[in-house]
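Below is one structure, written out as structure tokens; comments come after it.
What you see is a predicted model; the values in this text were computed from it and never measured. Chain letters run A, B, ... following the sequence lines, proteins first, then strands; residues in each count from 1.
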There are 2 protein chains.
Amino acid sequence: MPKDRAPTRIQQKNRAAILDAALEVFSAQGFRGATVDQIATVAGLSKPNLLYYFPSKEAIHNAVLSQLLDTWLDPLRALDPAGDPLEEILAYVQRKLEMSRDYPRESRLFANEIVQGAPRIHDVLSTDLRALVDEKVVVIKAWSDAGRIAPVHPYHLIFSIWSLTQHYADFEVQVRAVLGDEDPFAATPEFMETLYRRLLAPN
Amino acid sequence: MPKDRAPTRIQQKNRAAILDAALEVFSAQGFRGATVDQIATVAGLSKPNLLYYFPSKEAIHNAVLSQLLDTWLDPLRALDPAGDPLEEILAYVQRKLEMSRDYPRESRLFANEIVQGAPRIHDVLSTDLRALVDEKVVVIKAWSDAGRIAPVHPYHLIFSIWSLTQHYADFEVQVRAVLGDEDPFAATPEFMETLYRRLLAPN
DNA sequence: GTATGATTTGACCAAACGGTCAAACGCACG
DNA sequence: CGTGCGTTTGACCGTTTGGTCAAATCATAC
């Protein structure tokens with residue numbers, strides 16, 4: 001490993017290639033299912049060369065995961081307490097749906113990790129994630145109490161958004177197997193909007 | 001391996017113990033993450049002894065999976081075209097929710113398999129599962145066309161039921177991390193009923 | 001151009017893994 | 001109570017895997 005000076009161009013390029021390859025392989029095979037050789041091959045490097053940039057398989061996994069965690073929660077962070085309640089929630093749903101469509105590997109990486117008990121990110125879930133959700137739950141509850149959206153359990157509302165949107169990335173093969181040729185994302189945005197409009201419309 | 005006579009009591013007991021142990025380990029670690037030794041230990045057997053009952057790790061996995069596939073689709077099969085539309089769908093949702101609560105290992109086993117591309121059950125998905133869904137979609141569309149439930153995309157309705165209910169099993173650690181001490185299944189049935197009543201109520 | 005540090009690699013290692021096998025053990029039945 | 005078949009296991013094998021290392025190669029600054 002080089003000194004901790006400013007990274008060279010080669011370092012930048014190779015580290016980026018490794019992280020992308022790791023995302024590809026880990027999301028498709030899970031942590032234990034992935035091999036360092038696979039990641040190295042996808043990244044266009046030899047195995048010892050890859051291990052020159054990251055000290056271990058677990059270090060690569062950690063790097064991919066922590067790089068992702070931030071951006072993954074951005075759509076929820078953007079929920080604006082000052083905005084129109086229904087439109088804010090609908091916009092959040094659409095943002096999450098776009099992420100499932102445009103970044104399915106990232107979604108599946110998390111899915112793999114969480115289905116298997118989140119051994120490596122459990123801490124982040126019960127601290128950062130929980131704090132963020134708690135914060136937004138207060139906002140939603142205020143909207144609900146004020147009658148600006150229909151009364152609804154705010155935690156389960158958020159869970160429903162996560163599960164509905166990520167389903168199209170995490171269970172993509174199943175969705176495709178059932179839909180056949182039809183594009184899984186063709187009718188989905190409209191379905192989501194209908195669902196949440198009917199669920200949340202005041203009165 | 002013994003002859004293909006009627007299985008002895010020892011065979012029955014050990015095969016059942018192996019299948020249960022395999023469900024435990026595969027659902028928590030995935031196929032590649034699980035080891036034959038782990039399964040043997042959980043089943044209370046030695047590794048060679050386990051391999052006396054099943055020829056390979058993959059054979060165990062297949063056995064667990066195919067034993068499960070049938071019962072897993074029972075809730076959808078039970079959707080009765082002659083019943084009251086809204087009540088039928090609500091009952092289906094509750095059945096699926098009960099399965100997530102009572103058989104989370106089974107749910108996570110499928111989740112693991114499908115997230116990783118369903119390499120071992122892809123055929124069943126695009127034949128048996130697809131046929132069953134197609135059949136029920138016709139029923140739902142008829143209800144919808146007759147105005148007995150609100151108009152809704154029937155495929156996405158079914159996907160939504162799958163994802164919402166299985167979320168509480170597959171992503172249990174995340175749900176628990178966010179909810180803290182609160183029982184994940186306490187408010188869930190009511191949330192589901194509210195959601196689908198508002199989505200599907202006619203007019 | 002050459003010295004210096006960054007980068008790359010072939011060869012290698014120890015542990016873990018799926019699976020085999022012959023021998024030992026145990027249980028039921030005559 | 002002994003014989004035969006079902007059952008169990010310790011020892012073992014070949015392969016895969018994560019990781020190491022010394023030597024070779026490359027890039028760059030002087």
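- Of the candidate nucleotides dT7(C), dA11(C), dT8(D), dT7(C) has the atom lying nearest to any side-chain atom of N49(A).
- Residue pairs meeting the salt bridge (Lys or Arg N to Asp or Glu O under 4.0 Å) criterion with at least one member in residues 78-91 of chain A, sequence neighbours excluded, are E87(A)-R197(A).
- Atoms OH (Y52(A)) and P (dA27(D)) sit 13 Å apart, rounded to a whole Å.
- A straight line from CG of L50(A) to P of dT9(C) spans 11 Å, rounded to a whole angstrom.
- Side chain of K57(B), nearest nucleotide from dT20(C), dG19(D), dG18(C): dG18(C).
- Note: NE2 (H61(B)) to P (dG18(C)) measures 13 Å, nearest angstrom.
- Annotation: side-chain hydrogen bond (donor to acceptor under 3.5 Å, both in side chains) contacts of S107(B) (sequence neighbours excluded): D170(B).
- Among residues two or more places apart in sequence or in another chain, the side-chain hydrogen bond (donor to acceptor under 3.5 Å, both in side chains) test is passed with S160(B) by Y196(B).
- Less than 4.0 Å separates DNA chain C from at least one heavy atom of each of the following residues of residues 31-44 of chain B: A34(B), T35(B), V36(B).
- Checked against ring pair (Phe, Tyr, Trp, His ring centres under 6.0 Å), F31(A) has the following partners two or more places apart in sequence or in another chain: F26(A), H61(A).
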Practice prompt. Would you mind building the protein contact string for nucleotides 24-30 of chain C? One character per nucleotide, 5' to 3', B for base within reach (heavy atoms under 4.0 Å), S for sugar-phosphate only, - for untouched.
Written response: ----S--
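- In summary, R101(B) and D183(B) do not engage in a salt bridge, as defined by a charged side-chain N under 4.0 Å from a carboxylate O.
- For the ring pair (Phe, Tyr, Trp, His ring centres under 6.0 Å) test, residues two or more places apart in sequence or in another chain that qualify with H156(B) are Y168(A), F191(A), H153(B), F159(B).
- For R198(A), the side chain to side chain contact (heavy atoms under 4.5 Å, CB included) partners are T194(A), A150(B), P151(B), L199(B), not counting sequence neighbours.
- Closest approach to the L51(A) side chain among dG19(C), dT20(D), dG10(D) is made by dT20(D) (side chain taken as heavy atoms from C-beta onward).
- Along DNA chain C, the nucleotide nearest P48(B) and the nucleotide nearest K13(A) are compared for position; the residue whose nucleotide lies closer to the 5' end is K13(A).
- As rounded to whole Å, 12 Å separates atom C1' of dT9(D) from atom NZ of K47(B).
- With dT8(C), dT7(C), dG10(D) as the candidates, the nucleotide lying closest to the side chain of N14(A) is dT8(C).
- Contact annotation: Y53(A) side-chain N/O to dT8(C) OP1/OP2 distance is under 4.0 Å.
- With sequence neighbours excluded, no residue satisfies side-chain hydrogen bond (donor to acceptor under 3.5 Å, both in side chains) with Q166(B).
- At least one donor-acceptor pair under 3.5 Å links the side chain of T127(B) to the backbone N or O of D123(B).
- If you take CD of Q11(B) and P of dT8(D), they are 10 Å apart, rounded to a whole angstrom.
- Mapped onto DNA chain D by nearest heavy atom, S56(A) and L45(B) fall at different nucleotides, with L45(B) at the one closer to the 5' end.
- For dT9(C), one of the phosphate oxygens OP1 or OP2 lies less than 4.0 angstrom from a side-chain nitrogen or oxygen of S46(A).
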